[in-house]
Amino acid sequence: MERPPVETLTPQAAMEELAALARAMAEADVAYHQNDAPAISDADYDALKARNAAIEARFPELRRPDSPSGKVGAAPSEGFAKVRHAIPMLSLENAFADSDVAEFEGRIRRFLNLPAEAPLAFTAEPKIDGLSLSLRYEDGLLVQAATRGDGETGENVTANARTVADIPPRLDDAPALLEVRGEVYMSHADFAALNARQAAAGGKTFANPRNAAAGSLRQLDPAITAARPLRFFAYAWGAHSEPLGATQTQAIDRLHALGFQTNPLTRRCEHLSEMLDQYRAIEARRATLGYDIDGVVYKLDRLDLQARLGFRSATPRWALAHKFSAQRATTLLEGIDIQVGRTGALSPVARLLPVTVGGVVVSNATLHNEDYIAGRDSRGQPIREGRDIRVGDWVTVYRAGDVIPKIEDIDLSRRPADSTPYVFPTSCPICGSDAIREEGEAVRRCTGGLICAAQAVEKLKHFVSRAAFDIEGLGARQVEAFFADGWIREPADIFTLEDRYGPGKLTQLQNREGWGGKSAENLFRAIRDKRRIPLDRLIFGLGIRHVGETSATLLARHYGAWARFRDAMGAAREHVGDDWAELNAIDGVGPILAAALVDTFHEPAARAAIDRLVGHLDIEDVAAPDTAGSPIAGKTVVFTGTLERMTRAEAKARAEALGAKVAGSVSARTDYVIAGPGAGSKEKKARELGLTVLSEDEWLELAG
Ligand code: JCF
């Protein structure tokens, strides 16, 4: 928009414009930082900022107390370059009960075929509640620091990491290449002081030390990061040119010797009982540590055994995070809302009188499902001794880690005399369709499918989300607005937006509130950019029930190309035939996920919507993980009989790590059958089919 030169502004006009600028920038900040859905482009944001600064320079006395020029953190997007981790940054499997830890230990013994009395040591260390960071040292010099991001790709925050006192800029006697991984965090004292300073300066305060650490590390201006007291504990490593030791304990000691802080409460434990003792000891010191921890991490001590165990999709088999139990508070249940999700599930949400639980203000909590509200579990057994939950009740809210708050119990003694049991709706509050609860299911679902506005909108929001199509400038808020006006009803419509509402069209996007020529142009470009999309993102973006990011990646890696995936889903019939067997043989795909996929591809309306979408796309094939050079990549193998040199679980994990598919039954599509002593009908069938049958030794030689 053309604006009059600053020199010609009257004080009255300047005052009004400063107010309008403050409002526009505050809205943009909320959209960007809180909703993660930029409402205007970076260039437009910068233009507003420059205009604000120019007016303030001419009329310093008109500078507003909430002037946007004094604010930090209005970081434009694209702020940090992306970094692809040479070795993915993993997350940890969570456990809550002691029995989960015993199960973890037992599972490792079975995998390695170790009897219960054989020694097996673990480390136990506090789990720091911060953000993970990977530091790359080449010839002892810090050359790159990257956040975890999605584990595969993070953000380059090198300049900021250099301002953290615990991160050495150079290491003596380090391997030529070493990636050190650990947690960036802020101490309680530093957090309190930072918030006090921020409040005094009229700036943004942080809800907890973790957010403060994240906000500080992700500053575009390293000078701001430098002024924020961040700390770092090292606990792991990525790429390295020589081993740090033979055990986790030795490797951690080496990191300490190299100049890193390692957690002083880390212990080596010889037995399960020592692991649990260390858990209790760490929990007992939690309140006085001076920084937030949310559990204890156990790791198998011997690194050679860690290597044999390997990974299961995104988590190592050799580590476990044993979380502390939750923090609690009591508050009033003011109402119960029903939300309709992407797959039609009706989810009851508690509206609470806001209360602080473990340092975070909570005003909503999940109530799970209708049985939970009624006081029974999925098998009809009483929970909370059968106490139901009613609007008007005083309830205990708890938070475990960063998950959604939950309602644990109610205080019957404070229940109002006139309260009535909650009646769960049997029709969809959004579209009015019947909401049905299938036999054996805990969840009631709207049957409206895509005619249900809530499902359609949630599907669209999922489609544009970070891990799916990640369309810049098209976030949840924009999707809702476009949907409300009938501009987009399904994902395919996004790719025809420009034709329908672009330059020269009747109802132009740039005439909508909140959009200008520049931002409209940026949106159309962002959409065009996403016509080319990797197969895994597409599969995830379809929003099929049970198909998360991990399973989408597994499916994409298995089928490789869209045409192959689509044909296989179209050909598969539940519980019959090779296509069904192939789908179920993918490690990480079970019959429930498989059925959801097959259903979707056999449902004519859903299938048609997918075909319409795909017509606009150029889909990138996904290669199986770096198994290039592996002689067994892409081969289907079947193990039968007794294996003598490793357990079945280990053989399967190794074969899969090398890109092979491990199937349970022999068919014409099987490439190798590995037959040990005692092999029976499978080996016989393989020989009848003329397949290659290998001994365990021959197999190990082939697989390298
Ligand atoms: O303290 C932590 N938050 C923490 C996270 C500690 C660890 O030893 C970790 C971790 C995430 C992944 N180890 C891995 C492998």
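Since we're looking at a predicted model, the values are computed, not measured. This chain uses plain numbering: 1 for the first residue, then up along the sequence. In listed order, ligands and their atoms are each counted from 1.
Atoms of ligand 1 lying under 4.0 Å from at least one heavy atom of L90, given by number and element, are 12 (C). Close contacts between ligand 1 and K299 involve ligand atoms 7 (C), 8 (O), 9 (C), 13 (N), 14 (C), 15 (C) [criterion: under 4.0 Å to a heavy atom].
Heavy atoms of I293 found under 4.0 angstrom from ligand 1: none, in either backbone or side chain. At a 4.0 Å heavy-atom cut-off, ligand 1 touches E125 through the side chain alone.
Looking from atom 7 (C) of ligand 1 to the surrounding protein, the closest heavy atom is Y235 CD1, 3.1 Å. Nearest to atom 3 (N) of ligand 1 among the protein's heavy atoms is I128 O, 2.9 Å.
Under 3.5 Å, the side chains of T396 and R328 contain no donor-acceptor pair of N or O atoms. Between the side chains of D292 and H188, at least one donor-acceptor pair of N or O atoms lies under 3.5 Å. A donor and an acceptor atom, one from each side chain of Y235 and E125, are nowhere located under 3.5 Å apart.
A parallel orientation is assigned to the rings of F233 and Y185, their planes being inclined by less than 30° (bins at 30° and 60°).
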Verdict with reasoning, V547 to L593, per side-chain contact (heavy atoms from CB on, under 4.5 Å): CA-CA 7 Å; V547 180; L593 191 160; 4.1 Å; yes
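Taking any N or O of S91, backbone or side chain, none lies under 3.5 Å from an N or O belonging to ligand 1.
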